[in-house]
Amino acid sequence: MSIIERMVRRWGAAGLLAAAFAALPAQANERWRAYTYNAVATVTAVKGLNALLEAVDKETEGALKVRLHLGGTLPITATNITQAVADNVVQMGDDAFFVGSVPVGGVVRLPMLFPERAQFEKAWDAEAPFLRADYDRKGVVLLGRYIFPENVFWSRKKLTSLADIAGQKIRVVSPEQAEFIQRLGGIPVTLGTSEVAAGIDRGVIDGALTASSGYGYVWRDLLKYSWRLNVSFVDSLVLVNKGAWDKLAPATRSKVQALVDEHTARMTAAMAAEDEELTKKLAAAGMVVTEPTAADLAEAEKRITPYWTEWGEKRPAAQEALRKARAAAGR
């Protein structure tokens, strides 16, 4: 009688099968930390991220659980989220301040270059392969992005025209926005989202560039003016550490990627839908909401247009991405 036959007689077929499965190495459930620059749990972006992570837990049947930490709750500055993911300090990051770490990402942030959402998305798709390649060299996987609506001017001081920007300290999220503010006579200040409210309150800054459905509505009690010149749309990237990502089973990775695609699209659509409604609410509550005149738009574009070419000349590695993005968007 063979060994297998003796084992079957002793334990039965079902018992033998159970023993065989027990002997197989179990795949450990993964527990990740995620970090976002977003500092308020009630904004649409954070609600969307939490919905995404809940779906990941459910769809992977607990194989991957991710806990989201809000901006300011971990010792990670907004401008260092990409590095924190690369170093595996956190396994997932939500990063809108990444351009300093991955300069090619500034292509779609060039002020007034892609003023329509359709143009921005075409440009982003053209830029994406370059962005993914740069992240891959850092040991980071770019899973996707969501897009904030028009980033416009907000201030506690009078701001109803281009001339009013001169001398005002405006919070920015990228070098490209900073350049725009400087060319309009303002003073750019980079602050993480969790620092802005205190910065306005203490006079460190006078205002900020953001969307109504970003933080314009959140900071409404600190601001009095909203001047609706669209500097650019802003993309926020969903990043994961490559080592942590590669440890996941292929099926788990496929589920996570599909969920990121689904939920980031929902977040983008939800913020776009609510932006106009929130702007109207702000105006009804006393916010001075002003559309730029045609003359101001023309003057602003005149001042910033040379920078589009200068930006590429100073970043030879990004010139091809810029060329392809402009061609894709017809700009």
Side-chain angles (χ1 to χ4, degrees), residues 36-37 45 78-83 85-86 92-151 172-180 190 209-211 214 230-242 245 257 260-265 267-269 271-272 301 304-331:
T36 175
Y37 56 90
T79 53
N80 283 331
I81 293 175
T82 281
Q83 193 60 49
V85 175
M92 179 179 283
D94 168 35
D95 193 356
F97 291 75
F98 59 87
V99 176
S101 300
V102 189
V104 72
V107 165
V108 296
R109 301 280 191 89
L110 286 168
M112 301 186 75
L113 180 53
F114 306 113
E116 303 296 330
R117 180 178 297 280
Q119 293 173 328
F120 181 91
E121 294 195 0
K122 288 177 181 178
W124 198 95
D125 289 343
E127 171 208 69
F130 301 90
L131 193 59
R132 293 183 192 280
D134 279 6
Y135 267 113
D136 184 66
R137 284 189 282 271
K138 290 179 176 291
V140 175
V141 178
L142 169 56
L143 293 187
R145 53 90 178 120
Y146 60 93
I147 303 170
F148 284 97
E150 292 90 341
N151 264 236
V172 299
V173 301
S174 70
E176 291 72 26
Q177 287 188 348
E179 183 69 25
F180 190 47
T190 301
L209 296 176
T210 189
N230 180 22
V231 178
S232 71
F233 295 92
V234 168
D235 48 335
S236 191
L237 307 184
V238 179
L239 311 170
V240 294
N241 177 271
K242 191 175 188 302
W245 180 249
Q257 181 65 74
V260 169
D261 293 343
E262 174 189 346
H263 283 263
T264 52
M267 292 157 68
T268 297
M271 290 192 292
E301 185 165 337
I304 198 61
T305 296
Y307 177 60
W308 301 342
T309 301
E310 293 167 14
W311 185 94
E313 290 173 346
K314 292 179 180 178
R315 298 164 180 81
Q319 277 192 327
E320 181 67 5
L322 176 58
R323 184 189 67 78
K324 290 190 173 183
R326 295 187 70 167
R331 294 283 288 174

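This chain uses plain numbering: 1 for the first residue, then up along the sequence. These values consider heavy atoms only, across backbone and side chains, with no hydrogens, waters or symmetry-generated copies.
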Approximate separation, where rounding is to 0.5 Å, of [X] [atom1] and [Y] [atom2]:
X      : Y      : atom1 : atom2 : result
Thr309 : Gln319 : OG1   : CD    : 9.5 Å
Arg132 : Leu143 : CZ    : CG    : 8.0 Å
Phe98  : Tyr135 : CZ    : OH    : 5.5 Å
Arg109 : Glu179 : CZ    : CD    : 15.5 Å
Ile147 : Thr268 : CD1   : OG1   : 5.0 Å
Ile304 : Leu110 : CD1   : CG    : 8.0 Å

Kindly indicate whether the side chain of [X], heavy atoms from C-beta on, has any atom under 4.5 Å from the side chain of [Y].
X      : Y      : result
Phe114 : Lys122 : no
Asn151 : Gln177 : yes
Tyr307 : Glu176 : yes
Leu131 : Trp124 : yes
Ile81  : Tyr37  : yes
Leu322 : Trp308 : no

Begin from the C-alpha positions of Val108 and Phe233 and carry the test side-chain contact (heavy atoms from CB on, under 4.5 Å) through to its verdict. CA-CA 8 Å; Val108 296; Phe233 295 92; over 6 Å; no
Compare every heavy atom of [Y] with every heavy atom of [X], then report the nearest pair and how far apart it is.
X      : Y      : answer
Leu237 : Asp235 : CD2-OD2, 4.0 Å
Ala126 : Ala328 : CB-CB, 4.0 Å
Ala329 : Gln119 : CB-O, 3.5 Å
Val104 : Ala318 : CG2-CB, 4.1 Å
Phe148 : Ser236 : CE1-CB, 4.2 Å
Ala96  : Val234 : CB-CG1, 4.3 Å

Given Val141, which of Leu239, Val85, Val240 fulfils the side-chain contact (heavy atoms from CB on, under 4.5 Å) condition? Val240
Sequence neighbours left out, what passes salt bridge (charged side-chain N to carboxylate O under 4.0 Å, His left out) with Asp94? Give chain and number order.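 By the salt bridge (charged side-chain N to carboxylate O under 4.0 Å, His left out) rule, Asp94 matches no residue at all.
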Hey, is the main chain of Glu150 close enough, under 3.5 Å, to the side chain of Asn230 for a donor-acceptor pair?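 No, Asn230 side chain to Glu150 backbone: no donor-acceptor pair under 3.5 Å.
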If we ignore hydrogens and angles and just use 3.5 Å, is the side chain of Arg326 paired with the main-chain N or O of Arg331 as donor and acceptor?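 Yes; at least one donor-acceptor contact below 3.5 Å.
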